[in-house]
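In what follows, a structure is listed as structure tokens, so that the remarks can point back to it.
Chain naming here is simple, since letters A, B, ... match the order of the sequence lines and numbering starts at 1 in each.
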2 protein chains.
Amino acid sequence: MSNSPTDPGSARGGRPTSSDVAQRAGVSRTAVSFAYNDPAKISTATRDRIMAAADELGYTPDPLARMLKHRKTGTLGLLLPQDIAQVMQNPYYAQFITGIGHVCEREGMTLLLCPPLRNSMLKAIPYAAVDGFIVTGLEADRGEVAELRRRKIPFVLVDSEPVTDVPSVEADDDKGGYDLVRHILELGHTRIAFLIFESGPDQPNLGYRGPLKRRFAGAERALAEQDLSLTSAGVVTVEAPCTRSGGYTATLDLMAGQAPPTAIVAFSDIMAVGALDALKSLNLPVPAAVSVVGYDDQPEAEWTQPRLTTIRQPIEAKGRLAGDFLVAAIRGESQHPRQLLHGALVVRDSSGQAPPT
Amino acid sequence: MSNSPTDPGSARGGRPTSSDVAQRAGVSRTAVSFAYNDPAKISTATRDRIMAAADELGYTPDPLARMLKHRKTGTLGLLLPQDIAQVMQNPYYAQFITGIGHVCEREGMTLLLCPPLRNSMLKAIPYAAVDGFIVTGLEADRGEVAELRRRKIPFVLVDSEPVTDVPSVEADDDKGGYDLVRHILELGHTRIAFLIFESGPDQPNLGYRGPLKRRFAGAERALAEQDLSLTSAGVVTVEAPCTRSGGYTATLDLMAGQAPPTAIVAFSDIMAVGALDALKSLNLPVPAAVSVVGYDDQPEAEWTQPRLTTIRQPIEAKGRLAGDFLVAAIRGESQHPRQLLHGALVVRDSSGQAPPT
DNA sequence: CTGAAAGCGCTTACAG
DNA sequence: CTGAAAGCGCTTACAG
């Protein structure tokens, strides 16, 4: 109605379009577009007139229309396995996103956080206006990955099983788990508790997956060398939320049991810090009575009392590489780069000889 | 070329469009659209045929085109005053984003992180495909806010000066600063060091702004009640990066000076924790020799040794409210809601009587 | 139940 | 230096 040929929109309630500006400035829409994108193509006078009109009308080119035309959005998508709130609570993700952030800065791009939609990562994919996805916490055989493949949209896999036909960034979690447990075993411990983070409601009872699965695989190898296993007497595994208080509570429970562990292997620094808190509150000296080790080497690990033995993992580098690979894939530059990131055992003061029995 | 009327795109290198699917299924583009958006309008047989064709072609509706047509993106924009990497390092933002995340989950929306583009927040605005912005760390008189107003795009201001014609979420930082300093003064301290975070390169030498400015205003009121001021002998202010090690290093410097402070007022918990570290390494008992107080009441504050006296600030609630206000504004529901969030002094163990002189 | 047509707001060869 | 036209890929009244 108000959209008749004679009134191309200026009377509508909505925001002004390039037609409105063109009309007001007495030029074509082409000229308006040039004023913003290629000022050399029009005279200065025309440009000034257009900009003045745009200013009066409160016009700015619609980013959506621009993106549709250019077939690019200038944004990287991060497909998340959990809600934004949960992710932000996890220092691991904060570091990972920091790494991606460096790439965004360099490329002048924005970052879209894409949490599951109605509990489904799959459903979140088609609604994201991005040039490509970074996918974390997903095995390559999941439906989401197949969907991404099918849509031929650039993406990179982080922390999945090794795959060869997709850009991917992996960490040697198997080796990390092995090194950590071997260190503990060399100190003479045999009563060992594994303190792990809950897998999340998304994938219940599927057994451990992803990095956790690989860390356990490494742990089992180390145990096997001493004729032990995850099911040996004295070896236990407890799950808790991936937070400091999660580690605290779980450790309190653990130490209240009979034949409590002499070593606690937490697969997350933040949980290890909680374990340290619990042992302090129980007046159990670390590492004299109980050893505690973590995973990730978060900054906190250096500040705890005693300082935490842990596996250093280059989380930020992981994010940065994932971003680099994605940008390359978007540009069609690289084929299927893969990078395996190495961790390292960092021995500090929280692990020591097993107490005599 | 390959785009001739007889070949609507299926032979192109790019992704398939609804035309390709329509052609393959022998229906119109309308039918394809209905298959996705309103299946009741076509027969089951037709729908199946369409979906099969879509599957073979790897088709999914282009989110950009959809958004352009619907005039909504389903994403909230967070306009950041710093790069993503810096923001993610700051636990304040992690909590704030957590709050927004709850809203995203409830609404099924995504969150776009919009860092400055070429060092300019202003330049970042026109490139963001969002339904509205949450703007943090900006005074209402800044150009960015004027630009947002001009474009008539929904937005909410967080931690700005009070404004009435825009949805906003504020915290009573003035009262926080007052309460904190009054607490310290009541304990008899007169040699006081303020430990504050650097303002960032974006706004150099403009004096303190935003929450920092208001906290200082409150602090000055409290000082004035004791005939002191920020420039009194014994009262100093030092700036450092808003990190644990920033607080650590600054405190070491502070205590090495002559007439070192007996109270350290950090306007950030994370810096206060660093101060605690430094005092421990100097063997200065807290609070017997030196009192330390923080701001924010991050989870860490309860875990430090000794536990930290601080101002509790509902950061997550701040994010949640900002999200709620923005969603309401996008829907055109609310006018200009404002919410002032209250903090509270939480006295724990890190503050005590000033040592006798 | 299905299709031709207009339109979301922009950009970019192309012709003048 | 400027403008008419086609097109990015979709959706949605409208007419059948």
Side-chain angles (χ1 to χ4, degrees), chain A residues 1-5 7-10 12-23 25-50 54 57 59-74 126-127 129 131 151 153, chain B residues 1-5 7-10 12-23 25-50 54 57 59-73 126-127 129 151 153:
Chain A
M1 181 129 306
S2 64
N3 250 330
S4 69
D7 172 11
S10 57
R12 281 172 314 164
R15 289 202 279 282
T17 72
S18 65
S19 292
D20 301 319
V21 177
Q23 188 176 286
V27 297
S28 72
R29 281 152 67 217
T30 306
V32 176
S33 179
F34 283 160
Y36 282 90
N37 304 308
D38 207 348
K41 289 197 171 167
I42 55 176
S43 65
T44 318
T46 309
R47 173 158 203 261
D48 290 348
R49 207 144 35 89
I50 291 172
L57 259 26
Y59 170 79
T60 324
D62 185 322
L64 235 31
R66 223 171 192 166
M67 290 172 181
L68 179 60
K69 191 67 201 169
H70 287 145
R71 304 272 63 215
K72 68 185 259 300
T73 61
Y127 289 98
D131 291 334
R151 292 185 55 183
I153 185 168
Chain B
M1 179 128 310
S2 64
N3 250 330
S4 67
D7 173 12
S10 56
R12 280 173 314 167
R15 289 204 279 282
T17 72
S18 65
S19 292
D20 300 319
V21 177
Q23 188 176 288
V27 298
S28 72
R29 279 152 67 219
T30 308
V32 175
S33 180
F34 283 160
Y36 282 89
N37 304 308
D38 208 347
K41 288 195 171 168
I42 55 175
S43 64
T44 318
T46 309
R47 172 158 204 260
D48 290 348
R49 206 142 38 87
I50 291 171
L57 259 28
Y59 170 80
T60 326
D62 185 322
L64 235 33
R66 221 172 193 164
M67 290 172 180
L68 179 61
K69 191 66 200 171
H70 287 147
R71 305 272 62 216
K72 66 186 262 297
T73 61
Y127 290 97
R151 292 185 55 185
I153 186 168

| task | Begin with the C-alpha distance, continue with both residues' side-chain angles, and end with the deciding distance and a verdict on side-chain contact (heavy atoms from CB on, under 4.5 Å) for B:V27 and B:V32. | result | CA-CA 7 Å; B:V27 298; B:V32 175; 4.1 Å; yes
List every contact pair, protein side and nucleotides 14-16 of chain D side both N or O, where the distance is under 3.5 Å.
none

| query | Under 4.0 Å between a side-chain N or O of B:T17 and OP1 or OP2 of D:dG9? | reply | no
| Sub-3.5 Å donor-acceptor pair from the side chain of A:R29 to the main-chain atoms of A:S19, do we have one? | no
| Under the side-chain contact (heavy atoms from CB on, under 4.5 Å) criterion, do A:Q23 and A:L57 qualify, and how do the steps go? | CA-CA 11 Å; A:Q23 188 176 286; A:L57 259 26; over 6 Å; no
| task | Hey, which sits more toward the 5' end of DNA chain C by its nearest nucleotide, B:R49 or A:S18? | result | B:R49
| Nucleotide D:dT11, atom P - distance to CD1 of B:I50 in whole Å | 12 Å
| task | Could you give me the CA-CA distance, side-chain angles and deciding distance for A:T46 and A:F34, then say whether side-chain contact (heavy atoms from CB on, under 4.5 Å) is met? | result | CA-CA 10 Å; A:T46 309; A:F34 283 160; over 6 Å; no
| field | Side-chain (A:D20) to main-chain (A:T17) donor-acceptor, under 3.5 angstrom | value | yes
| request: Can you tell me the distance, in whole Å, between the CG atom of A:L64 and the C1' atom of C:dT11? | output: 15 Å
| field | Which atom of A:R47 lies closest to which atom of A:A35, heavy atoms considered | value | NE-O, 3.1 Å
| message | Between B:I50 and B:I42, does the side-chain contact (heavy atoms from CB on, under 4.5 Å) criterion hold? Intermediate values first, please. | response | CA-CA 10 Å; B:I50 291 171; B:I42 55 175; 4.1 Å; yes
| field | N/O (side chain, A:S28) to phosphate O (OP1/OP2, D:dG3) under 4.0 Å | value | yes
| request: May I ask you to evaluate whether B:R66 reaches the phosphate of D:dT11, defined as a side-chain N or O under 4.0 Å from OP1 or OP2? | output: yes
| Between CG of B:L64 and OG1 of B:T73, what distance do you get to the nearest 0.5 Å? | 10.5 Å
| request: Select base, sugar-phosphate, or nothing to describe what B:Y36 touches, counting heavy atoms under 4.0 Å on all strands. | output: nothing
| request: Measure from CG on B:D38 to P on C:dT2 and round the result to the nearest Å. | output: 13 Å
| task | Compare every heavy atom of A:A54 with every heavy atom of A:V21, then report the nearest pair and how far apart it is. | result | CG1-N, 3.9 Å
| note | Minimal heavy-atom distance between B:R15 and A:R151, with the atoms involved, is CD-O, 2.8 Å
| field | A:P61 versus A:R66, closest heavy-atom pair with distance | value | CB-NH1, 3.7 Å
| note | Whole-Å distance, B:K72 NZ to D:dC10 P, equals 17 Å
| note | Looking only at D:dG3, D:dT12, C:dG3, the nucleotide nearest the B:S33 side chain is D:dT12
| said: Any side-chain N or O of B:R71 below 4.0 angstrom from OP1/OP2 of C:dG7? | reply: no
| note | Winner on side-chain proximity to A:L68, out of D:dC10, D:dG9, D:dT12, is D:dG9
| query | Rounded to whole angstrom units, what separation is found between the CZ atom of A:R15 and the P atom of C:dC10? | reply | 10 Å
| message | Quick check on C:dG3: is either OP1 or OP2 less than 4.0 Å from any side-chain nitrogen or oxygen of B:T30? | response | no
| What's the CZ-P distance between A:R151 and D:dG9, to the nearest Å? | 13 Å
| Roughly how far, to the nearest 0.5 Å, is OH of B:Y127 from CE of A:M67? | 10.0 Å
| A:P63 and B:P126: which non-hydrogen atoms are nearest, and at how many Å? | CB-O, 3.4 Å
| task | Check the distance between C:dC8's C1' and A:M67's CE and give it to me in whole angstrom. | result | 15 Å
| A:K69 (side chain) and C:dG9 (base): donor-acceptor pair under 3.5 Å | no
| query | Contact class for B:N37 vs. all strands (heavy atom < 4.0 Å): base, sugar-phosphate, or nothing? | reply | sugar-phosphate
| Looking at residues 39-46 of chain A, who's got a heavy atom less than 4.0 Å off DNA chain D? | A:A40, A:K41, A:I42, A:S43, A:T46
| Nearest-Å distance for atom pair CZ/P, residues A:R29 and C:dT11 | 10 Å
| remark: Dot-bracket assigned to DNA chain D with the 3.5 Å Watson-Crick/G-U criterion, [ ] for crossing and | for other-strand pairs, is |||.||||||||.|||
